[in-house]
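What's counted below: heavy atoms across the whole structure, side chains too, no hydrogens, waters or symmetry copies. Worth saying up front: this structure is predicted, and the values here are computed from it rather than measured.
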Amino acid sequence: MKPRTLPVLSERSFLAWIDQAQPGDRISYHEGLLAVDRAPGPSALHGSARSELDRIADHAMAQAKDGCLLLVQRRIAEDRIAYIAIKASGDKPRRN
């Protein structure tokens with residue numbers, strides 16, 4: 001049986017962090033394999049934990065698309081990755 005992976009923080013905590021974070025602040029929002037842990041079949045997470053992780057990941061991606069967060073990964077082990085959000089400067093890049 002594979003080890004159970006839990007979300008690092010709650011959706012509420014993640015959203016509060018986004019609101020309060022200063023540029024350069026970072027937070028790890030999941031450890032494991034995000035794509036696997038979000039999927040109903042292969043995930044070891046129970047339904048409610050998986051749903052919460054799914055919402056957190058969706059928020060992270062939406063904020064990254066808006067330029068508010070930078071999303072990076074750090075390998076912890078062969079099958080374990082830390083997913084990290086970094087608060088962006090808030091300055092939109094200029095386009096020529």
Side-chain angles (χ1 to χ4, degrees):
M1 179 196 279
K2 67 181 177 178
R4 184 166 173 216
T5 307
L6 298 174
V8 174
L9 73 163
S10 70
E11 178 184 17
R12 178 180 282 187
S13 297
F14 184 64
L15 293 174
W17 177 84
I18 290 171
D19 287 341
Q20 298 172 0
Q22 299 299 310
D25 288 352
R26 58 184 62 211
I27 191 169
S28 179
Y29 61 93
H30 183 63
E31 289 185 9
L33 295 174
L34 189 59
V36 171
D37 293 336
R38 291 179 76 177
S43 178
L45 295 176
H46 295 293
S48 61
R50 191 177 61 250
S51 294
E52 183 148 27
L53 174 60
D54 202 39
R55 290 190 304 272
I56 292 168
D58 286 346
H59 287 302
M61 186 59 78
Q63 292 288 319
K65 285 181 181 179
D66 286 345
C68 298
L69 294 179
L70 302 170
L71 302 180
V72 299
Q73 301 172 8
R74 182 175 55 88
R75 183 172 301 281
I76 297 170
E78 181 65 29
D79 60 348
R80 192 164 188 81
I81 297 170
Y83 296 86
I84 302 163
I86 304 170
K87 185 72 172 208
S89 67
D91 297 333
K92 298 278 183 181
R94 292 183 183 166
R95 296 186 185 205
N96 296 328

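Minimum interatomic distance between Tyr29 and Ala60 (heavy atoms only, all atoms of both residues): CZ-CB, 4.1 Å. Of all non-hydrogen atoms in Arg38 and Arg50, the two that sit nearest each other are O-CD, 3.5 Å. Nearest heavy atom pair, residue Ala82 against residue Ser28, reads CB-OG, 4.2 Å.
Separation of atoms CG (Asp58) and CD (Gln63) is listed at 12.0 Å; rounding is to 0.5 Å.
The hydrophobic cluster containing Leu70 also includes Val72, Ile84, Ile86, under a criterion of side-chain heavy atoms closer than 4.5 Å among ILVMFWY residues, counted directly or through chains of members.
Listed by chain and number, the residues in a side chain to side chain donor-acceptor pair (under 3.5 Å) with Arg55 are Glu11 (sequence neighbours excluded).
The shortest distance between side-chain heavy atoms of Lys87 and Leu69 falls below 4.5 Å. The side-chain heavy atoms of His30 and Asp37, taken from C-beta on, include a pair separated by under 4.5 Å.
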Give the table of side-chain donor-acceptor pairs shorter than 3.5 Å for residues 13-27, with sequence neighbours excluded, one pair per line with atom names and distance.
from	atom 1	to	atom 2	distance (Å)
Ser13	OG	Ser10	OG	2.9
Asp25	OD2	Gln22	N	2.8

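A distance-only check finds a donor-acceptor pair linking the side chain of Arg75 to the backbone of Glu78 [under 3.5 Å].
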